[in-house]
2 protein chains.
Amino acid sequence: MTTERRTAILEAAARVIARHGVRGLRVADVAAEAGVSTALVYYHFKDRSGILRHALAFIGDRADRYTAVEDDAAGGPPADPRQLLERTMLLEFQDLPEVRENSTAWGELRAHTVFDPELREELAAAGAAWAAEVAGLLGGLRPGAPAADLTAAAERLTALLEGLSMRWLSGLLPLWHARELVREAIGVEIGRLDRAAGSPAESPARPAPALPFLN
Amino acid sequence: MTTERRTAILEAAARVIARHGVRGLRVADVAAEAGVSTALVYYHFKDRSGILRHALAFIGDRADRYTAVEDDAAGGPPADPRQLLERTMLLEFQDLPEVRENSTAWGELRAHTVFDPELREELAAAGAAWAAEVAGLLGGLRPGAPAADLTAAAERLTALLEGLSMRWLSGLLPLWHARELVREAIGVEIGRLDRAAGSPAESPARPAPALPFLN
DNA sequence: GTCTATACAAGGATAGAC
DNA sequence: GTCTATCCTTGTATAGAC
């Protein structure tokens, strides 16, 4: 089956990206990793950026299928909303090859987009979906909270997660510490939602900045 | 003066890094940007990684000297602690060439360290200093708070900042929104410090995870 | 110190046989 | 579909004149 070969190449590409980054990807490396010739890689994916596009899509798909292996994994009962949120956000922080691979690749993708806007759309969509999911989970937890507050909290949490992920992958932050900070951050944001329940929005009509470079 | 030429080349390198990233840096580009020959660049910096090392050090030095241009910049009086913290954290979020350049280069450095540990030490030191500074400012704001809480809050805030910075630089997040999220995050963390004042630590003795990949 | 010219290596991509 | 062999561009680095 031809599809299997394609998949094998994409898996190889994912491993190569995890090791050397998007910009460190060499077509010859991918071929070697997959145990095929470079020519075959070109045959299936046209050119280097074709490989990249398909590999990133492949990685994106795979990310949805993480096995939710967690602290209380051993077939625990469907957790309460808070635990569900924690689990979801902590999925990225597991030292398993597949997870590391995906996480690394996504980090690379984000970093790469700073210089090459080509993939911006795709990233924006994925990011928005991810933020919406977190906002939804937060909403399930504090049904009374205004949508704007939920959205802002989700944006902060997901951005934090990206920052922590990079630190972990760089070896600057031990995994358990990253996980702890994520859990605490969730607690902090939930606390904020509770306090904000009574008081009006903290940042009402934002005055337009007078200085253009702050826009 | 020879030093001027060296500096000119480093400035050129900083601009090139801001445009194409660490891994996108071409020696010929640096030379062209500085208006000199490639041979001269090699003469002054030995090889490509020499250029890189010096350029990153140069950028790091420069980051300390940001002019604190802010909303209330026009010669306002020495602000209160809260404003001081906000200003410090928002320094990275200004659409000025120098700031963008530094921010981009640091982001690249962080991303690059995922694959190349060579610069990890330097990054770790800079990150620790930065976190300590933020923790200090938070401490000035809430003198009663336990040091551990201040540290954790600072870690979350700085990691958030890195995540938001990348989103801004990628064009995924408008500058004003990034700034707003930073300000809110500061508020949220301060709120947490206030609430935590009475109650005991939220995450006491953390049980060692049973599963190795969560460590 | 600075340049021009060039050697040399790596990597992307294709031709053509099987 | 898959391979071997090869081309060609790009990028690092050096030689040698001024």
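Just so we're on the same page: letters track the sequence lines, and every chain starts at 1.
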Whole-Å distance between [N] [atom2] and [X] [atom1]?
X	N	atom1	atom2	answer
A:R6	D:dT2	CZ	C1'	15 Å
A:H44	C:dT14	NE2	P	16 Å
B:D29	D:dT10	CG	P	12 Å
A:F45	C:dT14	CZ	P	16 Å
A:R5	D:dC3	CZ	C1'	11 Å

Handout entry: Nearest heavy-atom neighbours spanning A:A8 and A:A34
Key = O-CB, 4.2 Å
Kindly write out the residues that satisfy side-chain hydrogen bond (donor to acceptor under 3.5 Å, both in side chains) with [X], not counting sequence neighbours, or none if the list is empty.
X	result
B:T158	A:R167
B:D116	none
B:R110	none
A:S165	A:S103

Practice task
Output all residues satisfying ring pair (Phe, Tyr, Trp, His ring centres under 6.0 Å) with A:F45, sequence neighbours left out; order by chain, then residue number.
Solution key: A:H54
Using the 3.5 Å cut-off, write out each protein N or O paired with an N or O of nucleotides 11-13 of chain C and the distance between them.
{"unit_1": "C:dG11", "atom_1": "OP1", "unit_2": "A:R26", "atom_2": "NE", "d": "2.9"}
{"unit_1": "C:dG12", "atom_1": "OP1", "unit_2": "A:R48", "atom_2": "NE", "d": "3.2"}
{"unit_1": "C:dG12", "atom_1": "OP2", "unit_2": "A:V27", "atom_2": "N", "d": "3.1"}
{"unit_1": "C:dA13", "atom_1": "OP2", "unit_2": "A:R48", "atom_2": "N", "d": "2.9"}

Practice task
Compare the minimum distances between each of C:dT14, C:dC3, D:dT2 and the side chain of A:L40, then state the nucleotide with the smallest one.
Solution key: D:dT2
Problem - End axis versus end axis in the helix from C:dG1-D:dC18 to C:dC18-D:dG1, the angle rounded to 10°, five pairs used at each terminus - result: 0°
Please report, to 0.1 Å, the donor-acceptor pairs under 3.5 Å made by any side chain of residues 17-26 of chain B, with sequence neighbours excluded.
{"unit_1": "B:R19", "atom_1": "NH2", "unit_2": "B:E33", "atom_2": "OE1", "d": "2.6"}
{"unit_1": "B:R23", "atom_1": "NH1", "unit_2": "A:E108", "atom_2": "OE2", "d": "3.4"}
{"unit_1": "B:R23", "atom_1": "NH2", "unit_2": "A:E108", "atom_2": "OE2", "d": "3.4"}

Practice task
Apply side-chain contact (heavy atoms from CB on, under 4.5 Å) to B:T7 and list each qualifying residue two or more places apart in sequence or on a separate chain.
Solution key: B:T3, B:E11, B:F58
